[in-house]
Q: 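Here you go, one structure.
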Amino acid sequence: MRRSSSSRAATGKDREAEIGKILTILHKWGIHTLGQLAALDKEQLGARLGPEAIRMWERANGQCHRVLKLVRPPESFEESFEFENKIETAEPLLFMLRRFLEQLAVRLRAIYLVAKELTLRITFANSRRDGSAEAGKQVYERVFKIPQPTNDVDLLFRMLHTHLENFKSEYPIIAVSLQAEPAKPSRQQFGLFATSVRDPNQLYETLARLVALLGNDRVGTPVLEETHRPDAFRMEPFAWDGSTGFQPVGQAGVPACKETGRQDACLPHSHDGCAPLSPALRRFRPAAPASVFSTENSPAHIRSAKINSKITDQRGPYLASGNWWDEVAWVRAEWDLQLDNGVLARCHRSGGIWKVDGIYD
């Protein structure tokens, strides 16, 4: 590819240089216009200046045939409408969006394409508090990712309707537009052990309803934060990869056991190779608040809704801290407490407040 492109560039430069030489000779002959060039004899011109001069003479006389290359401008799949009167309810807006989807579906279906993304733009008429009109306009834009590209009008309309159910604005609506991003229908072949969602659009419609009810920060996939703070996680938008299916995410850097395949190789196993010998912590979520009575800076008695007993032995404190460089800095001290009733519990103190994290099995 590089050689062909470089050879074409060199050929173009040589041709330009040859045409420049021919024009210089023609100017010396007193030929300065196309009419004067067309009046010359074709055979004598070619004998003196070569085949390039013949091609120039043919163009001047209209005898050159060139193939016309059609360049089609990119088609835009967008529908818009400006309301004559300002609207403040959702019914006229939903009516126009339904019409937009029907028109876009017909246009896409005619060229065997589907919609993979919708962009909704709503224009509001800004007004001052005293009621006077303001020249500026406010535009709201929202992009809807379609999990499985489709032209189903009912399905696309439900997605827009779900989003607009809890949508509120203090300004009236004066215009609306809907743009569709076209794509070819997806055809995917799954692997032997790959799984697929039975109805991806129904799944994401359900997620959209949950987001509308609970909020964006309460729906998604929990992901552990890169910190030593216990139970620190964040919510990320849910995403399904149909080609790989669902794969549980383990702890990074922890090797899997050769016998069981679990990520507990760092724990000692019993002779059967399954049950770990170290005790497991049964956590309380959320951690239970507790009152701890201390003697000589050492916990002596603990009382909470989960446990209430005297402390016979202890290990700690184990100090931990992090995020000291930002506003979410944290520091805590942990204890392993042996109670007189035989219960082994883990507790921590943070900011002068005691909590029970859980008990060991």
Side-chain angles (χ1 to χ4, degrees), residues 89-90 93-94 97 116-122 124 138-150 152 154-171 173 178 195-252 263 281-290 304-306 320-323 325-332 346 348 350-351 353 355-358:
T89 58
L93 180 62
L94 294 175
L97 291 178
K116 69 174 183 179
E117 182 179 297
L118 293 178
T119 302
L120 173 65
R121 297 184 183 90
I122 303 176
F124 301 96
Q138 182 180 0
V139 179
Y140 170 80
E141 181 174 331
R142 175 64 185 268
V143 178
F144 298 89
K145 299 289 186 179
I146 304 175
Q148 186 174 2
T150 180
D152 190 344
D154 295 333
L155 189 147
L156 298 176
F157 181 75
R158 286 200 305 268
M159 181 173 58
L160 296 176
H161 186 272
T162 301
H163 174 70
L164 294 175
E165 279 182 345
N166 298 324
F167 180 78
K168 297 180 181 179
S169 175
E170 56 181 336
Y171 302 117
I173 301 174
L178 186 65
T195 58
S196 62
V197 181
R198 178 175 299 178
D199 190 350
N201 295 306
Q202 182 67 30
L203 170 63
Y204 279 83
E205 181 182 352
T206 303
L207 292 175
R209 292 181 180 273
L210 292 176
V211 170
L213 293 174
L214 305 176
N216 293 326
D217 57 339
R218 294 177 177 267
V219 179
T221 303
V223 178
L224 293 178
E225 294 280 0
E226 295 184 1
T227 178
H228 293 287
R229 186 175 186 178
D231 294 339
F233 68 95
R234 67 179 184 277
M235 298 295 292
E236 291 187 353
F238 176 80
W240 177 271
D241 188 0
S243 60
T244 58
F246 176 75
Q247 295 180 355
V249 179
Q251 298 179 359
Q263 285 188 313
L281 178 63
R282 191 178 301 273
R283 285 186 173 272
F284 301 146
R285 289 187 171 91
S304 70
K306 302 292 184 180
S321 62
N323 297 95
W325 53 87
D326 54 23
E327 297 179 354
V328 293
W330 60 274
V331 58
R332 56 187 284 162
R346 175 183 291 184
H348 78 271
S350 178
I353 300 176
K355 291 185 178 181
V356 182
D357 293 329

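Starting from 1, each residue takes its place in the sequence as its number.
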Q: Could you tell me which non-hydrogen atom of Val139 sits nearest to which non-hydrogen atom of Arg121, and how far apart they are?
A: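 Smallest interatomic distance, heavy atoms only, reads CG1-CB, 4.4 Å.
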Q: At their closest point, which heavy atom of Glu117 faces which heavy atom of Lys145, and how far apart are they?
A: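 So the two residues come closest at OE1-NZ, 2.6 Å.
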Q: Nearest 0.5 Å, please: how far is CG in Leu120 from CG in Leu97?
A: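 Atom-to-atom, Leu97:CG and Leu120:CG are 6.0 Å apart.
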Q: Can you tell me if Ser350 uses its side chain to pair, donor with acceptor, with the backbone of Val331 under 3.5 Å?
A: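 Present.
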Q: For residues 157-165, run the donor-acceptor check on the side chains, cut-off 3.5 Å, and write out each pair with its distance to 0.1 Å, sequence neighbours left out.
A:
unit_1: Arg158; atom_1: NE; unit_2: Glu205; atom_2: OE1; d: 3.2
unit_1: Arg158; atom_1: NE; unit_2: Glu205; atom_2: OE2; d: 3.1
unit_1: His161; atom_1: ND1; unit_2: Glu165; atom_2: OE2; d: 3.3
unit_1: Thr162; atom_1: OG1; unit_2: Arg158; atom_2: O; d: 2.7
unit_1: His163; atom_1: ND1; unit_2: Arg142; atom_2: NH1; d: 3.1
unit_1: His163; atom_1: NE2; unit_2: Tyr140; atom_2: OH; d: 2.8

Q: Does CZ in Arg282 sit with more than 12 non-hydrogen atoms of other residues, nucleotides or ligands closer than 6.0 Å?
A: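 Open.
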Q: With a cut-off of 6.0 Å (strictly less than), are more than 12 heavy atoms of other residues, nucleotides or ligands near CZ of Phe167?
A: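 Atom CZ in Phe167 is crowded, with more than 12 foreign heavy atoms closer than 6.0 Å.
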Q: Within this structure, what is the CZ-CD1 distance for the pair Phe124 and Ile173, rounded to the nearest 0.5 Å?
A: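 Separation between the atoms: 5.0 Å.
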Q: Kindly compute the distance separating CZ (Arg332) from CD1 (Ile353), expressed to the nearest 0.5 Å.
A: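 One finds 12.5 Å between CZ of Arg332 and CD1 of Ile353.
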Q: With rounding to the nearest 0.5 angstrom, report the CG to CG distance, Leu281 to Asp357.
A: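 One gets 7.0 Å once the value is rounded to the nearest 0.5 Å.
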Q: Report the residues that fulfil side-chain hydrogen bond (donor to acceptor under 3.5 Å, both in side chains) with Lys306, sequence neighbours left out, ordered by chain and then residue number.
A: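 None.
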Q: Quick check: do Pro222 and Met235 have side-chain heavy atoms less than 4.5 Å from each other?
A: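 Pro222 reaches Met235 side chain to side chain.
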Q: Atom CD of residue position Glu226 - does it have more than 12 heavy atoms of other residues, nucleotides or ligands inside 6.0 Å?
A: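 Count not over threshold, so no.
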Q: Can you give me the closest heavy-atom contact between Arg283 and Pro230, atom names plus distance?
A: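 Looking at all heavy atoms of both residues, the shortest contact is NH2-CB, 4.2 Å.
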Q: Where is the tightest heavy-atom contact between Asn323 and Asp326, given as atom of each residue plus distance?
A: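 Between these two residues, the closest heavy atoms are O-OD1, 2.8 Å.
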Q: For Arg229, give me all partners under side-chain hydrogen bond (donor to acceptor under 3.5 Å, both in side chains), at least two apart in sequence or on another chain.
A: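 Once residues adjacent in sequence are excluded, Arg229 has no partner under the side-chain hydrogen bond (donor to acceptor under 3.5 Å, both in side chains) criterion.
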Q: Going through the checks in order, is the side-chain contact (heavy atoms from CB on, under 4.5 Å) test met by Val223 and Phe233?
A: CA-CA 5 Å; Val223 178; Phe233 68 95; over 6 Å; no
Q: Which pair of non-hydrogen atoms, one from Val143 and one from Thr119, has the smallest distance, and what is that distance?
A: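 Nearest heavy atoms, Val143 then Thr119: CG2-OG1, 4.0 Å.
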Q: What are the two closest non-hydrogen atoms of Ser304 and Pro289, and how far apart are they?
A: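 For Ser304 versus Pro289, the nearest heavy atoms are CB-O, 3.2 Å.
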Q: How long is the straight-line distance from CG of Leu118 back to CD1 of Ile146, given to the nearest 0.5 Å?
A: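 Ile146 CD1 to Leu118 CG: 4.0 Å, rounded to 0.5 Å.
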